[in-house]
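Everything quoted here is computed from the prediction, not taken from an experiment. We use all heavy atoms of the structure for the numbers below, so side chains are in, but hydrogens, waters and symmetry mates are not. Position 1 is the first residue of the sequence, and the numbers go up from there.
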Amino acid sequence: SVGDYVKVINTGDSGLNIHKNEPIGEAVKVVPNGWLFKIIGGPKNNINGYNWWEGREEGYETSSIKGWVAENFIEKVSSNIVVPSSIPDYFTEVFTQVRMERAIRWADSADKNSREWEGYCLRFVSEAYGLGEGVNPKTTGWASPIDAISKLGEKFYPANKSYNPPRGALVMFSGLGEYEPYGHIGIYLGNGKVIHAYITPRINDLAGKGGIEQLSTIGSYLGWTYPP
């Protein structure tokens, strides 16, 4: 019902279409399982075989994702898990926001044809944030994104806990094939997009056709952490 918080479920790696203005209108965004919305309108019943609700992303985004979602692919969650209970002080300070935007500019300006970071996604985001090549005391000695998740503990926010990442957060994915033990990492840009190094630096949607989960060695979105 209106006012409830819901998360996306049962979409596999295809993600859920968010439709603009009307339930069967233009699909403005695709989001992965675990993405959180607050219901702000609806329902509109039995359109193309589904009941529809209007949802809006809650949290820290300056341009929140908003649109209509099919009821079959959402479930109600507790409102007390919209954001982590304790946002680090450093992440709300002005100089950190400047650092975050600088990191994003660095990543976005990297040569999109360069294979310098092929197989080194952690090094790419670490260099963007001025932390060296990844495995160092400032990143708590992370050897890979999967290793980072194990060392972060409660400072890692899993997708199935429904927290949405803020702009500048480090977003992590499972790996496939030879990359299964290592996983994958990128920087969240907001509006459902992530910048990362996959063979070459690139920007992908988190889900959907052409999304990061469609790349051959990247599995599912796992969750996120604040940059160290």
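- Y157 and I9 are not part of a single hydrophobic cluster, where members link through side-chain heavy atoms under 4.5 Å apart.
- Follow the hydrophobic side-chain contacts under 4.5 Å out from Y120 and you never reach F173; the two are in separate clusters.
- Between I195 and V125, the closest side-chain pair of non-hydrogen atoms is not below 4.5 Å.
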Apply the test side chain to side chain contact (heavy atoms under 4.5 Å, CB included) to residues F37 and L16: give CA-CA distance (whole Å), side-chain angles for both, the deciding distance (0.1 Å), then the verdict. CA-CA 12 Å; F37 290 97; L16 179 65; 5.5 Å; no
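- Checked against the 6.0 Å centroid criterion, the rings of F73 and W53 do not qualify as a close aromatic pair.
- Side-chain contact between M172 and H184: absent, with no pair of heavy atoms (C-beta onward) separated by less than 4.5 Å.
- When atom types are taken as modelled, the side chain of S174 and the backbone of S220 share a donor-acceptor pair closer than 3.5 angstrom.
- Pairing each heavy atom of A197 with each of C121, the nearest pair is O-CB, 3.7 Å.
- Residues I40 and K66 form a side-chain contact, since some pair of their non-hydrogen atoms from C-beta on lies under 4.5 Å apart.
- Counting all heavy atoms, side chain and backbone alike, A207 lies closest to P32 at CB-N, 3.7 Å.
- In this structure, E213 contributes its side chain and Y221 its backbone to a donor-acceptor pair below 3.5 Å.
- For the atom pair CD (E57) and CD1 (I18), the distance works out to 9.5 Å, reported to the nearest 0.5 Å.
- Between Y182 and T217 the shortest side-chain heavy-atom distance does not fall below 4.5 Å.
- H19 contributes a side-chain N or O that, together with a main-chain N or O of G25, makes up a donor-acceptor pair within less than 3.5 Å.
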Assess the residue pair I203 and L189 against the criterion (side chain to side chain contact (heavy atoms under 4.5 Å, CB included)); give the C-alpha distance rounded to whole Å, side-chain angles, the decisive distance to 0.1 Å, and a yes or no. CA-CA 9 Å; I203 295 174; L189 300 177; 3.9 Å; yes
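- The main-chain N or O of G192 is found under 3.5 Å from a side-chain atom of Y188 such that the two form a donor-acceptor pair.
- Between E101 and R167, at least one side-chain nitrogen of the basic residue sits less than 4.0 Å from a carboxylate oxygen of the acidic one, meeting the salt-bridge criterion.
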Please evaluate residues L222 and F156 with respect to the criterion side chain to side chain contact (heavy atoms under 4.5 Å, CB included), reporting the C-alpha separation (whole Å), side-chain torsions for both, the decisive distance (0.1 Å), and the verdict. CA-CA 10 Å; L222 299 177; F156 177 75; 4.2 Å; yes
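- Not a single donor-acceptor pair under 3.5 Å links the side chain of E118 to the backbone N or O of I199.
- Interatomic distance, N46 CG to Y50 OH, rounded to the nearest 0.5 Å: 12.0 Å.
- Within the model, atoms CD1 of I212 and CG of D205 stand 10.0 Å from one another, a figure rounded to the nearest 0.5 Å.
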Intermediate values then yes/no, side chain to side chain contact (heavy atoms under 4.5 Å, CB included), T200 and E116: CA-CA 7 Å; T200 59; E116 178 181 353; over 6 Å; no
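- Cluster membership check: L170 shares its hydrophobic cluster with L152, using side-chain heavy-atom separations under 4.5 Å among Ile, Leu, Val, Met, Phe, Trp and Tyr.
- The main-chain N or O of L36 is found under 3.5 Å from a side-chain atom of N164 such that the two form a donor-acceptor pair.
- When atom types are taken as modelled, the side chain of K29 and the backbone of N191 share a donor-acceptor pair closer than 3.5 angstrom.
- Within the 3.5 Å criterion, the main-chain N or O of D108 finds a donor-acceptor partner in the side chain of K112.
- In the hydrophobic clustering of this structure, V30 does not group with I65; members are Ile, Leu, Val, Met, Phe, Trp, Tyr whose side-chain heavy atoms approach within less than 4.5 Å, directly or through other members.
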Using the rule given for salt bridge (charged side-chain N to carboxylate O under 4.0 Å, His left out), can you reason through R123 versus E127, listing the C-alpha separation, both sets of side-chain angles and the distance that settles it, and then say yes or no? CA-CA 6 Å; R123 177 184 159 198; E127 289 185 5; 2.7 Å; yes
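- Taking 4.5 Å as the limit, every side-chain heavy atom of P43 sits out of range of all side-chain heavy atoms of W68.
- Atom OG of S126 is separated from atom CH2 of W117 by 12.5 Å, given to the nearest 0.5 angstrom.
- Using bins of under 30°, 30° to 60° and over 60° for the plane-to-plane angle, the ring pair Y226/W224 lands in the perpendicular bin.
- When only modelled atom types and interatomic distance are considered, Y179 and S144 share no side-chain donor-acceptor pair under 3.5 Å.
- Put simply, the side chain of Y129 reaches to within 4.5 Å of the side chain of M100, judged on heavy atoms.
- P228 has its side chain within reach of L131: a pair of non-hydrogen atoms, C-beta onward, lies under 4.5 Å apart.
- In this structure the side chain of I187 never reaches within 4.5 angstrom of the side chain of V171, judged on heavy atoms.
- K76 contributes no side-chain N or O that, together with a main-chain N or O of Y5, makes up a donor-acceptor pair within less than 3.5 Å.
- Electrostatic pairing of E54 and K44 does not count as a salt bridge here, judged by no charged N lying under 4.0 Å from a carboxylate O.
- In the hydrophobic cluster analysis, where Ile, Leu, Val, Met, Phe, Trp and Tyr join through side-chain heavy atoms closer than 4.5 angstrom, W106 is grouped together with I185.
- With hydrogens and angles ignored, the 3.5 Å screen pairs a side-chain donor or acceptor of N33 with a backbone N or O of T11.
- Here the CG-CG distance, from D147 to L122, works out to 9.0 Å after rounding to the nearest 0.5 Å.
- In this structure, A169 and P227 approach most closely via the heavy-atom pair CA-CD, 4.2 Å.
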